[in-house]
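As the structure is a computational prediction, the values presented were derived from the model and not from experiment.
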Amino acid sequence: SGLQHAAFRLLSGALSPTRNETYTHFMVYAQSTLAEQTTPATLQMVDHVAYVDYLRFVDEDLGLASIGGEIRWNALGDLTLASGYSIYVDTDSGG
């Protein structure tokens, strides 16, 4: 008895970090050495998605080997669970 949990990340359908197009429910079966529960507990998935578009940056630092300025974007989607944004720098747009 007691509270149990499982932590995971599930990607399904087409390779897309913003959509789950295949699965709709979680199903959990109790299991023992003798048998598996015949009727599972179920829970419908709610997939919240927040994303940004219209990303823009103007380099205001005049030095050749440095950058500086503000990065701006439009926040879209379901923002109720978004707690912040991460910004990364890279050498190409592929990340």
Nearest-0.5 Å distance, CG of residue Asp61 to CG of residue Leu64: 10.0 Å

Residue pair Pro40 / Met27: nearest heavy atoms and the distance that separates them: CG-CE, 3.7 Å

ILVMFWY network linking Tyr29 to Leu43, side-chain heavy atoms under 4.5 angstrom: no

Same apolar cluster: Ile71 and Tyr85, side chain cutoff 4.5 Å: yes

Tyr88: ring-ring contact (aromatic ring centres under 6.0 Å, His included) partners, not counting sequence neighbours: none

Partner residues of Leu76 under the side chain to side chain contact (heavy atoms under 4.5 Å, CB included) criterion, sequence neighbours left out: Tyr51, Asp53

Closest heavy-atom pair and its distance - Arg56, Tyr54: NH1-O, 2.5 Å

Close side-chain approach of Ile87 and Phe57, heavy atoms under 4.5 Å: no

side-chain hydrogen bond (donor to acceptor under 3.5 Å, both in side chains) involving Glu70 - partner list, sequence neighbours excluded: Arg72

Closest contact, heavy atoms only, Ser66 versus Asp59: O-OD2, 3.8 Å

